[in-house]
Amino acid sequence: MADRRFSADSRLSGYPSVSVASSISRQHFRSFINMDDPEHSRLRRMLISSFTMRQMEALRAPIQSIVDGLIDDMLANGSSADLVRDFALPLHRW
């Protein structure tokens, strides 16, 4: 991952892609995960303290409650469900 010939930034020539179309679609999404150093490291250092094990563990119960509620709603609505519409999208909104 330290090889400078490759890039995590989809806008740069070292970004691995399988087609021109997939490369173009990725250019619209910008996240620090898609950045190279030093920009990536600078942002990672700013965020890392927010993602400790203690803080992530504190999120477990609220997330479990949200997921359980979404599953209960799907079960209450009958024998079929659209997982994207009824589960993934509502979960994503949280």
Side-chain angles (χ1 to χ4, degrees):
M1 295 179 77
D3 191 327
R4 298 278 181 204
R5 293 175 296 173
F6 298 100
S7 175
D9 188 333
S10 63
R11 299 171 302 166
L12 301 178
S13 63
Y15 184 82
S17 66
V18 294
S19 72
V20 173
S22 67
S23 176
I24 291 170
S25 66
R26 287 189 184 109
Q27 291 176 7
H28 301 290
F29 179 72
R30 188 81 171 126
S31 164
F32 88 99
I33 293 171
N34 303 69
M35 295 175 188
D36 293 326
D37 282 334
E39 187 179 20
H40 172 87
S41 291
R42 180 182 64 80
L43 293 174
R44 186 173 187 269
R45 281 190 300 274
M46 287 176 19
L47 296 170
I48 197 75
S49 63
S50 298
F51 293 93
T52 64
M53 285 298 291
R54 181 182 307 216
Q55 289 172 318
M56 294 299 100
E57 191 60 36
L59 293 174
R60 182 182 300 273
I63 292 170
Q64 187 68 57
S65 177
I66 292 165
V67 167
D68 289 347
L70 292 170
I71 291 171
D72 289 344
D73 291 346
M74 286 190 299
L75 291 171
N77 288 328
S79 61
S80 66
D82 182 322
L83 288 177
V84 172
R85 182 193 68 220
D86 301 330
F87 183 77
L89 291 176
L91 183 61
H92 180 264
R93 288 186 199 112
W94 287 95

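Just so you know, these numbers come straight off a predicted model, no measurement behind them.
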Enquirer: Sequence neighbours excluded, which residues qualify as side chain to side chain contact (heavy atoms under 4.5 Å, CB included) partners of I66?
Expert: L70, L91, W94
Enquirer: Can you tell me how far CG of D68 sits from CD of Q64, rounded to the nearest 0.5 angstrom?
Expert: 4.5 Å
Enquirer: In the single-linkage hydrophobic clustering (I, L, V, M, F, W, Y; side-chain heavy atoms under 4.5 Å), do M53 and L47 co-cluster?
Expert: no
Enquirer: For D72, give me all partners under side chain to side chain donor-acceptor pair (under 3.5 Å), at least two apart in sequence or on another chain.
Expert: none
Enquirer: Are L59 and I48 linked, directly or through other ILVMFWY residues, by side chains that come within less than 4.5 angstrom of each other?
Expert: no
Enquirer: Looking only at heavy atoms, which two atoms of H40 and M35 are closest? And how far apart?
Expert: CB-O, 3.4 Å
Enquirer: Starting at CG of D82, measure out to CG of N77 and round the result to the nearest 0.5 Å.
Expert: 12.0 Å
Enquirer: Is the shortest distance from a Lys or Arg side-chain nitrogen in R60 or E57 to a carboxylate oxygen in the other one below 4.0 Å?
Expert: yes
Enquirer: Is any side-chain heavy atom of M74 closer than 4.5 Å to one of L83?
Expert: yes
Enquirer: Do the side chains of V84 and L89 get nearer than 4.5 Å, heavy atoms only?
Expert: yes
Enquirer: Kindly write out the residues that satisfy side chain to side chain donor-acceptor pair (under 3.5 Å) with R85, not counting sequence neighbours, or none if the list is empty.
Expert: none
Enquirer: Is the backbone N or O of S41 less than 3.5 Å from a side-chain atom of D37, with the two atoms forming a donor-acceptor pair by type?
Expert: yes
Enquirer: Are any of the side-chain heavy atoms of V67 and F87 separated by less than 4.5 Å?
Expert: yes
